[in-house]
Amino acid sequence: MSAIRFLTAGESHGPCLTAIVDGLPAGLPIDTSLIDRDLARRQGGYGRGGRMAIEKDHIEITSGVIGGKTTGAPVALRIENRDWENWREHWAVGDLPALTVPRPGHADYAGMIKYGLPDARPILERASARETAARVAVGALAKQLLAEFGITVGSYVERIGAIKAQIPDLPQAELWTLAETSDVRCPDVDATVRMRAAIDAARTAGDTLGGTFAVIATGGPAGLGSHVQWDRRLDARLAQALVSIPAVKGVEIGDAFENATKPGREVHDEMFPDNRGNVTRITNRAGGIEGGMSNGSPIVLKAAVKPIPTTLTPLRSVDLATGQSARTEYQRSDVCVVPAAAVVGEAMVAFILADALIEKLGGDSIVEMKR
Ligand code: EPS
């Protein structure tokens with residue numbers, strides 16, 4: 001069993017999102033402004049739709065923190081949906097706008113079949129990526145735990161649609177600063193301009209765009225995770241966490257896909273003694289994980305995000321109320337969520353690393369972990 005776990009609840013247009021995080025050690029100082037900062041980072045990004053003008057995500061902690069520190073009890077988190085005001089009357093009587101023409105690529109169809117529903121509304125309310133706001137709040141708690149041990153987690157966007165960035169060869173901190181100042185979270189200034197233009201063109205064409213992002217964790221120790229059992233492997237746990245993000249359909253550990261094209265001598269990260277008797281490396285093609293365990297190099301993960309299925313230009317589908325061919329109806333949505341997904345990726349990676357760190361160090365209290 002994991003050392004820490006969380007569950008979320010809440011619908012896209014319901015009153016609020018809720019998360020409960022169980023297993024955080026006692027004595028961790030919590031700065032709620034850092035949670036709000038990550039919530040704002042997730043809301044940003046060029047290519048978002050009208051909903052983001054309504055929401056201003058803010059965290060409320062209703063359990064597990066007293067005097068600014070965790071107590072070891074479950075931490076309960078709440079984020080209000082401002083849009084709820086526009087939905088509450090319909091919610092009470094149940095006359096929400098019905099959707100009987102499932103969007104190809106969305107949870108609509110499989111969800112209607114699975115739950116025996118004539119309308120996809122209950123499916124899309126919960127499948128909505130609005131839920132990822134709760135995950136980002138959980139991840140912001142995990143980041144505060146990791147920071148106590150000198151571990152940082154950041155992200156940047158590498159690709160949006162056909163536009164691929166050239167990631168500058170700069171120290172990690174400088175890459176983060178560049179990504180933070182780009183409204184597509186991309187550290188390549190030229191690519192940022194072209195990515196924005198691609199998003200504009202997709203919006204004009206009534207279409208959507210996907211892309212890829214990288215999440216990198218630095219400062220962690222060797223030995224998180226374990227080779228001894230499939231579900232203890234750190235890479236497997238991180239891959240599951242990333243693929244659980246809506247629209248993420250692929251994950252790469254380090255340079256996995258390029259490594260698959262090369263002979264072993266060009267792939268494996270050779271080891272050298274440093275002047276303090278430790279092992280050092282000059283490459284990190286493995287992405288900081290060998291044998292399902294962290295090896296002390298930065299952990300590098302990449303994720304592929306599909307273009308979201310809610311397109312302004314209709315796609316061909318079937319009206320499940322009539323059984324006849326039909327075109328999808330437009331629902332208010334985003335054009336590109338890749339920059340937001342990168343922030344969610346940070347949260348999921350931070351959560352898994354916090355889990356693995358507590359597992360390694362013992363997690364009743366921060367004092368015990370540091371000892
Ligand atoms: C989403 C559709 C849009 C997005 C939403 C995810 O919302 P709405 O249907 O209210 O316009 O903006 O994302 C968020 C609300 C968010 O906070 O990220 C969907 O169908 O997945």
Side-chain angles (χ1 to χ4, degrees), residues 8-19 35-59 77-88 90-91 96-99 101-112 119-140 155 183-185 199 202-203 206-210 213 244-249 305-312 314-315 317 328-348:
T8 70
E11 277 87 23
S12 184
H13 305 100
C16 65
L17 299 164
T18 307
I35 307 178
D36 282 347
R37 199 187 70 170
D38 270 357
L39 291 174
R41 289 169 73 233
R42 191 202 68 95
Q43 282 200 268
Y46 199 69
R48 295 287 249 154
R51 175 76 182 273
M52 287 306 104
I54 300 173
E55 302 299 339
K56 188 163 187 342
D57 292 341
H58 168 64
I59 201 65
L77 304 164
R78 182 182 184 278
I79 302 164
E80 183 188 336
N81 285 332
R82 288 191 166 192
D83 204 17
W84 164 243
E85 282 310 319
N86 304 317
W87 291 75
R88 64 189 308 162
H90 302 287
W91 209 267
L96 303 171
L99 188 145
V101 181
R103 288 161 287 178
H106 202 277
D108 299 342
Y109 175 73
M112 287 168 81
D119 164 20
R121 172 59 56 183
I123 303 301
L124 71 92
E125 282 295 335
R126 180 62 188 159
S128 166
R130 175 79 188 139
E131 184 263 349
T132 62
R135 299 200 205 189
V136 165
V138 173
S155 69
D183 59 7
V184 285
R185 292 200 63 68
I199 292 169
R203 191 189 299 277
D207 217 333
T208 58
L209 284 179
F213 65 82
S244 78
I245 300 168
V248 169
K249 293 293 140 195
V305 183
K306 71 180 177 184
I308 53 171
T310 311
T311 54
L312 179 57
L315 291 171
S317 182
T328 53
E329 287 166 34
Y330 182 63
Q331 312 285 316
R332 178 186 66 186
S333 196
D334 310 299
V335 174
C336 178
V337 296
V338 183
V343 178
V344 184
E346 288 176 17
M348 294 308 292

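In listed order, ligands and their atoms are each counted from 1. This structure is a prediction, so every number in the text was calculated from the model and none was measured. The figures here come from the full heavy-atom set of this structure, side chains too, leaving out hydrogens, waters and symmetry mates.
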Check whether any N or O atom of [X], backbone or side chain, sits under 3.5 Å from an N or O atom of ligand 1, and answer yes or no.
X: Ser12; value: no
X: Arg103; value: no
X: Ala127; value: no
X: His106; value: no

Considering only non-hydrogen protein atoms, determine which one is nearest to [atom] and report residue, atom name and distance to 0.1 Å.
atom: atom 11 (O) of ligand 1; value: Arg332 NE, 2.5 Å
atom: atom 6 (C) of ligand 1; value: Ser128 OG, 3.4 Å
atom: atom 15 (C) of ligand 1; value: Arg130 CD, 3.3 Å
atom: atom 14 (C) of ligand 1; value: Met52 CE, 3.5 Å

Do [X] and [Y] come within less than 4.5 Å of each other through their side chains, counting heavy atoms only?
X: Arg103; Y: Leu124; answer: yes
X: Thr18; Y: Leu77; answer: no
X: Val136; Y: Asp57; answer: no

Hey, are Glu346 and Ser155 close enough side-chain-wise for a donor-acceptor pair under 3.5 Å? yes
Is there a heavy atom in Asp334 that sits closer than 4.0 Å to ligand 1? yes
Using heavy atoms and a 4.0 Å limit, tell me yes or no: is Ala129 in contact with ligand 1?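 Judged by the 4.0 Å heavy-atom criterion, Ala129 does count as contacting ligand 1.
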Going by heavy-atom distance to atom 17 (O) of ligand 1, choose the closest among Gln43, Arg42, Glu55. Arg42
Can you list the ligand 1 atoms lying under 4.0 Å from a non-hydrogen atom of Ser333? 2 (C)
For ligand 1, which atoms have a heavy atom of His13 less than 4.0 angstrom away?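 Within the 4.0 Å cut-off of His13, ligand 1 contributes 8 (P), 9 (O), 10 (O).
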How long is the span from the CG atom in Asp207 to the CG atom in Leu315, to the nearest 0.5 Å?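 Rounded to the nearest 0.5 Å, the CG-CG separation comes out at 8.0 Å.
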Output the distance between atom CG (Asp108) and atom OG1 (Thr310), rounded to the nearest 0.5 Å.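 One gets 7.5 Å once the value is rounded to the nearest 0.5 Å.
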Run through His13, Glu55, Glu125 and flag the one making a side chain to side chain contact (heavy atoms under 4.5 Å, CB included) with Arg130. Glu55
Which of these, Arg48, Lys306, Arg42, sits in a side chain to side chain contact (heavy atoms under 4.5 Å, CB included) with Val337?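 Exactly one pass, corresponding to Arg48.
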Flag the pair Arg88 and Glu85 as a salt bridge only when some basic side-chain nitrogen lies within less than 4.0 angstrom of an acidic carboxylate oxygen. yes
If you measure from each non-hydrogen atom of Arg51 to ligand 1, which part falls under 4.0 Å: side chain, backbone, both or neither? side chain
Using heavy atoms and a threshold below 4.0 Å, how should the contact between Arg48 and ligand 1 be classified: side chain, backbone, both, or neither?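 Near ligand 1, Arg48 shows its side chain, while the N, CA, C and O stay back.
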Apply side-chain contact (heavy atoms from CB on, under 4.5 Å) to the pair Asn81 and Glu11, showing each step before the final yes or no. CA-CA 9 Å; Asn81 285 332; Glu11 277 87 23; 6.0 Å; no
